[in-house]
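Data first, discussion second: the structure below is written as C-alpha cells.
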Amino acid sequence: MNKSLNLEIAGLKLQNPAMLASGVLGLSAAPLERIVESGASAIITKSIGLNPRIGNTNPTVVQTECGLINAMGLPNPGIDVFISEIYEMKKLEVPIIVSVYGFSPTEFAETAVKAVKAGADAIELNLSCPHVEKTGAEIGYNPKLAAKIVQKVKEDVETPVFVKLTPNTADIAELAVAVEKAGADAITAINTVRAMAIDVETAKPILSNRFGGLSGPAIKPIAVRCVYEIYQKVRIPIIGCGGITNWRDAVEFILAGASAVQIGTAIAFKGIQVFTQIVEGIKEYLEKKRFRSVIQIVGMAHKN
Ligand code: SIN
C-alpha cells in the first residue's frame, strides 16, 4: 500500500482517505470483506439505536436523474442484536466506526457505550437524518442540543466521537463549532439533503414518508461548500461526504478541507470497485502534482 495515502484521524490509522459511508451495506458484516478488498480504509455502519426499529413502509427509496432519495426510517435490529455483527466486522483489518442515533442524550450514550464495549473503534453520531421525527436533523440542527449529546457521549465513551452534521440548516459552521467545543473528535459533513419526489400519474408523493434525504452527485457542490465553510471555523478533522463518485470528487473535498471522505451512493451506481478507482486516482493525482502525502493538500483551496 502506498504510504502517500496514509493518514490518521483522531488517532485512527487509515491506509487511505476513502471510507465506506453509513447507510450503505453497513448492517451486516458479510459483504464488507469485498468493500475492504476494494480499498475502503474504514467502515461506518448503518445507524444503530438502543431498540430495534422496523423503519418506514415501502417505497423507501426513489431514484432521480442525479441521485437517490431515501426515507428508510432508520431500520436496524437494535444495539443488543447488532453487537454480534460488530464482532464479525472486527475481523476486517480496518477501523469499525459505529453510527449511532437516539432520541435523547442518554439514549445516544447508552447505545454508544454498548457499541464500544463490543469493539467499535469510534462512534459517529447521526445528528442529521432528515426524515425521522425527534432524532437526527430534528435535534442536530440545534447547536445547543447537538452539543449536549456530544458532551454526554464523550463523558461515557473513551473512543473518538465523530459527529455527522446536517446541511439542512442556515449555518452548518455554527453547528460544527458547537460540537467541537463539546468535545467532538471529528466532523462528518454532510448527511443527505431533505427532498421529495411526486408521481405525476397518481399525483402523490412517491415515498411513503413523503420526504426523504437526497444523496448522490446532485448534493456534491453543497457538501463541498459545507466542508469549505466548516474548515474555516474548526480545528478538528473533517470527513467529507456527499455525492463522491470518482477521484476528482474526492480530491475536491480534500482541497476544501476534508482529511478523508466517505463514499456511499456511488456504490449503487458504480459497484464496489469505486473504492479502487478513487484510491488509485488520488494516488496518481499526488504523483502527477509531486506531493509526497495526501495530508499536504488538505484545505489547499483556502490558500488560493
Ligand atoms: C436511514 O437509515 O433511514 C437513513 C439514515 C440517515 O439518513 O441518516
Side-chain angles (χ1 to χ4, degrees), residues 19-28 31 43-64 67-79 81-82 85 97-103 107-108 111-112 115 123-142 145-146 149-150 153 161-169 172 175 179 187-197 205-216 218-220 222-223 226 239-244 262-268:
M19 311 159 108
L20 173 71
S22 175
V24 186
L25 296 175
L27 204 48
S28 95
I43 301 293
I44 325 296
T45 71
K46 192 144 175 59
S47 293
I48 306 298
L50 197 54
N51 301 306
R53 211 183 133 85
I54 293 171
N56 293 326
T57 50
N58 283 328
T60 52
V61 182
V62 53
Q63 185 170 345
T64 71
L68 299 176
I69 309 176
N70 94 82
M72 301 295 290
L74 295 168
N76 77 101
I79 188 64
V81 171
F82 191 68
E85 295 297 335
I97 298 154
V98 176
S99 169
V100 163
Y101 74 89
F103 293 88
E107 226 181 275
F108 271 96
T111 311
I123 296 295
E124 182 178 89
L125 301 176
N126 183 345
L127 294 183
S128 42
C129 171
H131 51 75
V132 176
E133 286 178 8
K134 300 191 171 67
T135 185
E138 275 199 14
I139 50 182
Y141 85 97
N142 177 334
L145 198 42
I149 293 164
V150 174
V153 175
V161 174
F162 301 174
V163 184
K164 190 166 184 178
L165 295 181
T166 177
N168 304 300
T169 176
I172 194 167
L175 279 178
V179 300
I187 286 165
T188 304
I190 57 175
N191 205 325
T192 53
V193 176
R194 196 164 151 87
M196 75 182 299
I206 297 176
L207 296 168
S208 69
N209 190 60
R210 288 187 297 151
F211 306 109
L214 177 64
S215 60
I219 71 166
K220 194 198 76 180
I222 299 171
C226 288
I239 303 160
C241 181
I244 297 165
Q262 293 181 3
I263 294 134
T265 302
I267 300 168

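For ligands, and for the atoms within them, numbers begin at 1 and follow the listed sequence. Scope of the values below: all heavy atoms of this structure, side chains included, with no hydrogens, waters or symmetry mates. Keep in mind it's a predicted model, so treat the numbers as computed, not measured.
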Side chain or backbone of Asn191 under 4.0 Å from ligand 1, or both, or neither, by non-hydrogen atoms?
side chain
Would you indicate whether the side-chain heavy atoms of Ile48 and Leu27 approach each other to under 4.5 Å?
yes
Tell me whether ligand 1 is touched by Lys46 - counting only heavy atoms on the residue side and a distance under 4.0 Å.
yes
If you measure only the distance, is there a donor-acceptor pair under 3.5 Å linking the side chains of Glu124 and Thr188?
yes
Hey, does Ser22 sit under 4.0 Å from ligand 1 if you only count heavy atoms?
no
Asn168 CG to His131 NE2 distance, which is reported to the nearest 0.5 Å:
10.5 Å
Which atoms from ligand 1 have a heavy atom of Pro75 less than 4.0 Å away?
2 (O)
Which of the atoms of ligand 1 are close to Asn70, meaning less than 4.0 Å from one of its heavy atoms?
4 (C)
Pull out every atom of ligand 1 sitting under 4.0 Å from any heavy atom of Met72, numbered as shown with elements.
1 (C), 2 (O), 3 (O)
Check His131 against ligand 1 and report side chain, backbone, both or neither, counting heavy atoms closer than 4.0 Å.
side chain
Residue, atom and distance of the protein heavy atom nearest atom 5 (C) of ligand 1 read Leu74 CD2, 3.7 Å
Could you tell me whether a side-chain N or O of Thr135 sits under 3.5 Å from a main-chain N or O of Phe103, the two making a donor and an acceptor?
no
Is the closest heavy atom of Gly55 to ligand 1 under 4.0 Å?
no
Classify the side-chain pair Ser47/Ser99 by whether it contains a donor and acceptor separated by less than 3.5 Å.
yes
Below 4.0 Å, non-hydrogen atoms only: which portion of Asn126 touches ligand 1? Side chain, backbone, both or neither.
side chain
side-chain contact (heavy atoms from CB on, under 4.5 Å) partner of Thr192, chosen from Pro130, Cys241, Pro167
Pro130
Enter the distance from Leu214:CG to Ile222:CD1 here, rounded to the nearest 0.5 Å.
7.5 Å
Enumerated ligand 1 atoms positioned under 4.0 Å from heavy atoms of Pro130
7 (O)
Thr45: partners by side-chain hydrogen bond (donor to acceptor under 3.5 Å, both in side chains), with sequence neighbours left out:
none
Any N or O of Gly73 that comes nearer than 3.5 Å to an N or O of ligand 1?
yes
